Amino acid sequence: MQVELEVTSGLKRRLTITIPSDQIEEGINKRLQDLSRRIRLDGFRPGKAPMKVLKRRYGEGARQEVLDKMIQSSFVEAVGQENLNPAGVPSVEPVSKGQNEDFQFIASFEVYPEIELGNFAAISVERPVADVNEADVDEMINTLKQQSRTFEEINRGAEQGDQVTLDYQGTLDGEPFDGGSAENAELELGSGRMIPGFDDGLVGMMAGEEKVLKLTFPEDYHAKKLAGKTAEFSCKVSKVSTPVEPELDNAFFERFGVKDGNLEAFRSEVAKNMQRELRQAVKGKIKSQVMDGLLKLHDIEVPSVLISQEIDRMREQAVQSWNGENNDFDPKQLPAQLFETQAKKRIALGLLVNEVVKQRKVEVDDERVRVMVEEMAAAYQQPQDVIDWYYNNDQQLSQVKYIVLEEQVVDTILESANVSEKACSYQDAIKPEQKQQEEAADVVDDKSVEQET
């Protein structure tokens, strides 16, 4: 076997591989001999048919089978010989197919980049430092009460914070438009679900009353065909309800898994969950800074084939998040450029993390894996059942192991990074970082008049 290597550009490589004709003929003869033992030809006992007869009847098929296998095996041998690390499946182009001559083919592919890790001291990280105090617990309990509200029907005009049940029909220039109507819709006034002015227009309305609202869609409204347009909404309210917050009693405590407890026990459980959330938020912010720093420190070229694969995964995830798994929308219809930047970032980070693991010899800490599983299980009423489930599910456990491995990589980088601390409140510590949107918000037209929350 002869091998010629060519660097076409960047990470692209091309191998020209030549397989001697005698090696091919030997493979074909062996394939035909194996075949003759399993088939029956008229006039010949099994395994006794002449090679000439076998070649005439089965030669072309045997040749193709042999070539397919030799292409695979010779490619693997060639990349090993040339110390190449292919990314993705190669594109194979046969050069010669003639009988009784050497077979030559060209394999085109990309390779993984060679990464030289930089000095982690150039990475700056600001570690949030916060505590959970009594005021934070009070605020969280109030939030839980708000989320557990019920609505009680009343006989008065609607106020901000009330819930109204209504039918509405929207029209543009007298014509209905898609998504502009609903029946028995429940709307909490002041929630911001609807376009500006809709909620305010319903204030004061009582059950049975009707009203026409003349409203203008914002210029930057996500449904472009409605942006800046003025519409009329014919509204009829059928019910007005006011929010009723639950009492802090045993029934309320049990709703959150605190049985046979009192307010003190409930506050303790809430505080414990908040501490867990705080740890996760701080850990996430530190990891985000480390990963961003890692990317800035290393300007690496990413194989386009890996980016394409990641884009396909992101397309499928996007469609599932919008419509669930039972849908007829083809993810391929989503433009690749919507996901390209994020896909490239993910692949680059994956390559860098793997390189840190390899060069710094990072191995998964099984004890940290168990601690993480136990921490996740603590949020459930039967923690041990959750722990057992993870340890009896290899796929789920492997995902936890990879998360732990990433955390260990972060710890490895932090040992050399420039780390400072910043005192902040609990709310600031758990608040997600504001990042520029990397994917368009209007990938698929939203046919509802409700604003995105």
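Just so it is clear, the model here is predicted, and its values are computed rather than measured.
In this structure, R267 is not positioned above the aromatic face of F253 in the sense of NZ or CZ being under 6.0 Å from the six-membered ring centre and within 45° of the axis.
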Apply salt bridge (Lys or Arg N to Asp or Glu O under 4.0 Å) to R370 and E367, showing your working.
CA-CA 5 Å; R370 175 163 287 280; E367 182 57 32; 5.7 Å; no
Give the C-alpha distance, both sets of side-chain angles, the deciding distance and a yes or no for side chain to side chain contact (heavy atoms under 4.5 Å, CB included) between L278 and Q275.
CA-CA 5 Å; L278 177 60; Q275 289 284 4; 4.1 Å; yes
Criterion ring-ring contact (aromatic ring centres under 6.0 Å, His included) on F75 and F109, from CA distance to verdict:
CA-CA 11 Å; F75 175 75; F109 55 96; 5.3 Å; yes
Check against side chain to side chain donor-acceptor pair (under 3.5 Å), N142 and Q146:
CA-CA 6 Å; N142 286 331; Q146 286 283 318; over 6 Å; no
Pair E60-R63, salt bridge (Lys or Arg N to Asp or Glu O under 4.0 Å): steps then yes or no:
CA-CA 5 Å; E60 190 57 39; R63 178 181 175 80; 5.1 Å; no
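A salt bridge between K332 and D312 is present, with a side-chain N of the basic residue lying under 4.0 Å from a carboxylate O of the acidic one. A salt bridge links E310 to R313: one of the charged nitrogens lies within less than 4.0 Å of a carboxylate oxygen. Comment: R31 engages E65 in a salt bridge, judged by a side-chain N to carboxylate O separation of less than 4.0 angstrom. Ion pairing between a basic and an acidic side chain is recognised when a charged N comes within 4.0 Å of a carboxylate O; R149 and E188 show such pairing. K358 and E355 are joined by a salt bridge, as a carboxylate oxygen and a charged side-chain nitrogen come within less than 4.0 angstrom of each other. In summary, E407 and K287 do not engage in a salt bridge, as defined by a charged side-chain N under 4.0 Å from a carboxylate O. A salt bridge links D411 with R368; the closest basic N to acidic carboxylate O contact falls under 4.0 Å.
When only modelled atom types and interatomic distance are considered, E375 and Q280 share a side-chain donor-acceptor pair under 3.5 Å. For T216 and T230, the side-chain atoms include at least one donor-acceptor pair closer than 3.5 Å. Looking at N29 and E25, their side chains never bring a donor and an acceptor atom within 3.5 Å of each other. No donor-acceptor contact under 3.5 angstrom links the side chains of T16 and Q104, judged on distance only. Judged purely by distance below 3.5 Å, without hydrogens or angles, the side chains of Q72 and D68 never pair a donor atom with an acceptor atom. The closest side-chain donor-acceptor pair between S21 and E101, if any, does not fall under 3.5 angstrom. Side-chain contact of E183 with Y168: a donor-acceptor pair under 3.5 Å is absent, judged by distance alone.
The local environment of CD in Q384 is crowded, with over 12 non-hydrogen atoms from other residues, nucleotides or ligands closer than 6.0 Å. For CG of D22, the number of neighbouring non-hydrogen atoms (other residues, nucleotides, ligands) closer than 6.0 Å is greater than 12.
For Q408 (side chain) and E363 (main-chain N/O), a donor-acceptor pair under 3.5 Å exists by modelled atom type. Side-chain atoms of N393 come within 3.5 Å of backbone N or O of Q396 as a donor-acceptor pair. Side-chain atoms of N133 come within 3.5 Å of backbone atoms of D136 as a donor-acceptor pair (strictly under, hydrogens ignored).
Using a 4.5 Å heavy-atom cutoff, the side chains of Q2 and I17 are not in contact. Using a 4.5 Å heavy-atom cutoff, the side chains of Y426 and M140 are in contact. T171 has its side chain out of reach of F177: every pair of non-hydrogen atoms, C-beta onward, lies at least 4.5 Å apart.
Scanning all heavy atoms of the two residues, the minimum distance from A281 to I430 falls at CB-CA, 3.7 Å.
The only option from E6, E4, E93 that meets the side-chain hydrogen bond (donor to acceptor under 3.5 Å, both in side chains) definition with R14 turns out to be E6.
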